[in-house]
Asks: 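Just dropping this structure here.
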Amino acid sequence: MAKNTLSSRFRKVDIDEFDENKFVDEQEEAAELQGPDGAEPTHLIHQGDMMTAFHVALRNPPVNTKNAVVKERAQAIVLRVLTSFRSSEIETAVRSLDRNGVDLLMKYIYRGFEKPTENSSVILLQWHEKAFAVGGLGSIVRVLTARKTV
Amino acid sequence: MSLYNFGLEPLSCHAWNKDRTQIAISPNSNVVHIYQKSEKGWNKIHELTEHSGRITGIDWAPVSNRIVTCASDRNAYVWTLKEDAWKPTLVLVRINRAATCVKWSPQENKFALGSGAKLISVCYFEKENDWWLSKHIKKTICSTVLSLDWHPNNVLLAAGSADLHCRVFSAYIKDIEERPGPTPWGAKMPFGEMLLEHKDCGGWVHGISFSPSGDRLAWVSHNSSIGVADAPAGKEVTQLTVEHLPLLSVLFVSETEIVAAGHDCCPYQYSYKGPGNLQFVKKLDVPKQSSRSGTSAMQHFRNLDKKATTEEDQNELDTLHQNSITQLCIVEGPKSKVNKFSSVGLDGAMVVWDFKVLMGVINTKPGVPSRRKYVI
């Protein structure tokens, strides 16, 4: 019997960390993309040029870095752009993306789902519907299986 | 197209004999059933019961008429037909995890076995001691080997694994064969030499297949994508994302045409014409005959009463297979121009797809009920 049977602290130990044969992702030396520049999309939104703001926000996705701050920042910028779109314009915006763009958009959408705010879910669901129409189930599967998250 | 349902259990794997009159299948258990074709359907003629774990791979060598089976009990057996009964011979694979897939080499003098022990076991028969020996390929494999395919030269072996890589190894065993000549994949081929390692196929590599000439290698991975590596073109890799659920099995049906199938329950055809040129061609399924030929008022109210809805019965999928397809296999035709291929799935059904019929079906005008489900 364990000495102290009341303590359940052992349950919080991450046993995988101690495994010698643990699978580690190969460290890629690809350039660290720092995420979109914050000022530009905001500026473009104020000007009313949604499409350019959209494309700028989707540039340089921080997929190679593990820095949570960079990822949060990128996510916030993209979410701001997505929520400032009108429902009728979403479809044209999605159509202007290529396949990789649609996959990237899906990643951001699901990232946005993780932390729902007051208005974000509604608009994200509309984006999801349009992106799904173009990308299909494959784009969602790629969000789920991607090792490099946005 | 012919569909035969072998029961309720999913079919994990299947293999045909040389003249395609017999099929060996495993209904997700530790037993292999061998069925013989007859006018009315398929009759079970043999049951191979030696394994204690679920059978994960079956391969039938057409010329030498031997069956190799592997299971999750870490064993593999080679079965030979003696006086109308199949007798097993244990193979010393020396793995400490389940075996996942097995394939005879083109000349049938050896076979490769993939396993969860992060290694590939290449097994050959040693005449002096009258047993099957194995040699291991472990280099750089970090996780379960999920799929294997042999190159036509009987030496190169492609392996897709769960560590998101696909690799080509040399499985040259000097005791039983001649030195192979150089190929576009490489010239020096000692045992275990890795001639290609494609990192990051995006997901677990479920299926892998060499082209008929062996110059190209296609694989499908779990992130719903299909990739092709072209050896003569500097081993350049072309990847195509797929809009459907992940594919599980892939097959070259000619030097440029690829058929792949998986969780979307129907086969798709792709075409590879050169580096950067991998395209979706079409969905290879027979459209279901529309049964909406006008519901009577009685039916309408009956539906409303039973299910509180006036919609038609939507229980069945549109495709021939009602569940994921797990394995594709060539049935007829040389590798360079396959006429028929078969698929088995989790719905317990085996379908033989005929390209001639598929061509005819796809050319019929829409609106014509063109599906006929007939059982051989």
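We name chains A, B, ... by the order of the sequence lines, and we start the count at 1 in each one. The figures here come from the full heavy-atom set of this structure, side chains too, leaving out hydrogens, waters and symmetry mates.
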Asks: Below 4.5 Å from any heavy atom of chain A, which atoms of H222(B) appear? Answer side chain, backbone, both or neither.
Replies: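 It is both, since atoms from each part get that close.
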
Asks: Report, as yes or no, whether the 6.0 Å neighbourhood of atom CZ on F18(A) holds more than 12 heavy atoms from other residues, nucleotides or ligands.
Replies: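 No - once you tally the heavy atoms of other residues, nucleotides and ligands closer than 6.0 Å, there are 12 at most.
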
Asks: Name the region of V134(A), side chain, backbone, both or neither, that has any atom closer than 4.5 Å to a heavy atom of chain B.
Replies: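 Just its backbone gets close to chain B.
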
Asks: Based on non-hydrogen pairs under 4.5 Å, which of T241(B), V242(B), L245(B) is most in contact with chain A?
Replies: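 Heavy-atom pairs under 4.5 Å are most numerous for T241(B).
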
Asks: Which region of D103(A), side chain (C-beta onward) or backbone (N, CA, C, O), has a non-hydrogen atom less than 4.5 Å from a non-hydrogen atom of chain B, or is it both or neither?
Replies: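 Contact with chain B: side chain only.
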
Asks: How about K148(A) and D200(B): do any of their side-chain heavy atoms sit closer than 4.5 Å?
Replies: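 They are in contact (side-chain heavy atoms under 4.5 Å apart), so the answer is yes.
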
Asks: Heavy-atom distances under 4.5 Å only: say whether L240(B) touches chain A with side chain, backbone, both or neither.
Replies: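 For L240(B), side-chain heavy atoms alone lie under 4.5 Å from chain A.
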
Asks: For the atom pair CG (N223(B)) and CG (L144(A)), what is the distance rounded to the nearest 0.5 Å?
Replies: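 Between N223(B) CG and L144(A) CG, I get 11.0 Å after rounding to 0.5 Å.
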
Asks: Does R99(A) have more than 12 heavy atoms from other residues, nucleotides or ligands lying within 6.0 Å of its CZ?
Replies: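 More than 12 within 6.0 Å, yes.
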
Asks: Is E243(B) paired with R142(A) through a side-chain N to carboxylate O contact shorter than 4.0 Å?
Replies: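 E243(B) and R142(A): not salt-bridged.
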
Asks: May I ask you to check whether over 12 heavy atoms, not counting those of R74(B), lie within 6.0 Å of atom CZ?
Replies: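 Open.
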
Asks: Which atoms form the tightest heavy-atom contact between G138(A) and S224(B), and what is the distance?
Replies: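 G138(A) and S224(B) have their closest heavy atoms at CA-OG, 3.6 Å.
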
